[in-house]
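Everything on this sheet refers to the single structure shown next.
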Amino acid sequence: MTPAEEKLTGMLKAAGIAKKSSYRPGEVQQILGICERTFYNLVSRYEPDPETGKPMNPNSLDSFKLTHHRVRYDELVNFLGRNNTYQRNNADPRQMVMF
């Protein structure tokens, strides 16, 4: 299990949500601790790189739409991994000493 997957497992447990293949907007908001507006900003920012297929903006969420947006479990894992890595790689070294 990757660190991002372990983190998501803990977040799911804390939110009282079972592990499943995809999540509704309200569930994602509860898992990540974000508001509705932030969720839709993350979803609207998603754009895959034509060459690699990876998101051009690491702080975005890939989703699919049925009657409303849904986010896959593996996308949440990837999102947590991308953002943790992005913050570590781009943080001010003086700030990273604090961790």
Side-chain angles (χ1 to χ4, degrees):
M1 189 178 277
T2 66
E5 195 166 4
E6 288 176 13
K7 185 175 184 177
L8 181 56
T9 300
M11 294 168 90
L12 287 169
K13 186 176 181 179
I17 298 173
K19 180 180 174 182
K20 51 188 178 179
S21 60
S22 67
Y23 299 93
R24 295 184 315 267
E27 293 170 323
V28 174
Q29 293 164 32
Q30 193 174 357
I31 293 164
L32 298 178
I34 58 176
C35 67
E36 183 177 2
R37 179 181 226 159
T38 301
F39 172 79
Y40 286 105
N41 284 338
L42 292 173
V43 169
S44 67
R45 274 188 229 141
Y46 182 79
E47 184 179 350
D49 185 321
E51 294 176 13
T52 64
K54 294 181 179 179
M56 294 181 75
N57 180 347
N59 192 24
S60 64
L61 273 173
D62 185 13
S63 67
F64 62 95
K65 197 165 184 178
L66 296 173
T67 55
H68 49 263
H69 289 276
R70 294 194 61 101
V71 178
R72 294 181 323 277
Y73 174 84
D74 19 331
E75 174 59 13
L76 285 174
V77 171
N78 292 335
F79 173 79
L80 292 173
R82 277 193 314 266
N83 285 289
N84 189 28
T85 303
Y86 179 80
Q87 290 167 354
R88 273 197 327 265
N89 291 342
N90 296 296
D92 182 335
R94 294 171 292 179
Q95 291 175 323
M96 292 309 291
V97 172
M98 296 188 307
F99 295 103

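All heavy atoms count here, side chains included; hydrogens, waters and symmetry mates do not. The model shown is predicted, which means the values in this text are computed figures rather than measured ones.
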Quick check on the hydrophobic clustering: are V43 and I31 connected, directly or via other members, by side-chain heavy-atom contacts under 4.5 Å?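 Yes, because V43 and I31 connect within a single hydrophobic cluster, where side-chain heavy atoms sit under 4.5 Å apart.
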Pairwise distance CZ(F79) to CG(L32) - rounded to 0.5 angstrom: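 Taking CZ in F79 and CG in L32, the distance rounds to 5.5 Å.
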Suppose the criterion is side chain to side chain donor-acceptor pair (under 3.5 Å): which pairs have a residue in residues 33-45, not counting sequence neighbours?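 Residue pairs passing side chain to side chain donor-acceptor pair (under 3.5 Å), neighbours aside: none found.
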With a 3.5 Å cut-off and sequence neighbours excluded, list the donor-acceptor pairs that the side chains of residues 54-66 form with protein atoms.
{"unit_1": "N57", "atom_1": "OD1", "unit_2": "N59", "atom_2": "N", "d": "2.9"}
{"unit_1": "S60", "atom_1": "OG", "unit_2": "N57", "atom_2": "O", "d": "2.6"}
{"unit_1": "S63", "atom_1": "OG", "unit_2": "H69", "atom_2": "ND1", "d": "3.0"}

Any salt bridge linking E75 with R70? Criterion: basic side-chain nitrogen under 4.0 Å from a carboxylate oxygen.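 Not counted as a salt bridge, because no side-chain N and carboxylate O are separated by less than 4.0 Å.
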side-chain contact (heavy atoms from CB on, under 4.5 Å) between I34 and L42, intermediate numbers included: CA-CA 10 Å; I34 58 176; L42 292 173; 3.9 Å; yes
Which donor-acceptor pairs under 3.5 Å do the side chains of residues 4-21 make with protein atoms, sequence neighbours left out?
{"unit_1": "E5", "atom_1": "OE2", "unit_2": "Y73", "atom_2": "OH", "d": "3.2"}
{"unit_1": "T9", "atom_1": "OG1", "unit_2": "E5", "atom_2": "O", "d": "2.8"}
{"unit_1": "K20", "atom_1": "NZ", "unit_2": "E27", "atom_2": "OE1", "d": "3.4"}
{"unit_1": "K20", "atom_1": "NZ", "unit_2": "E27", "atom_2": "OE2", "d": "2.7"}

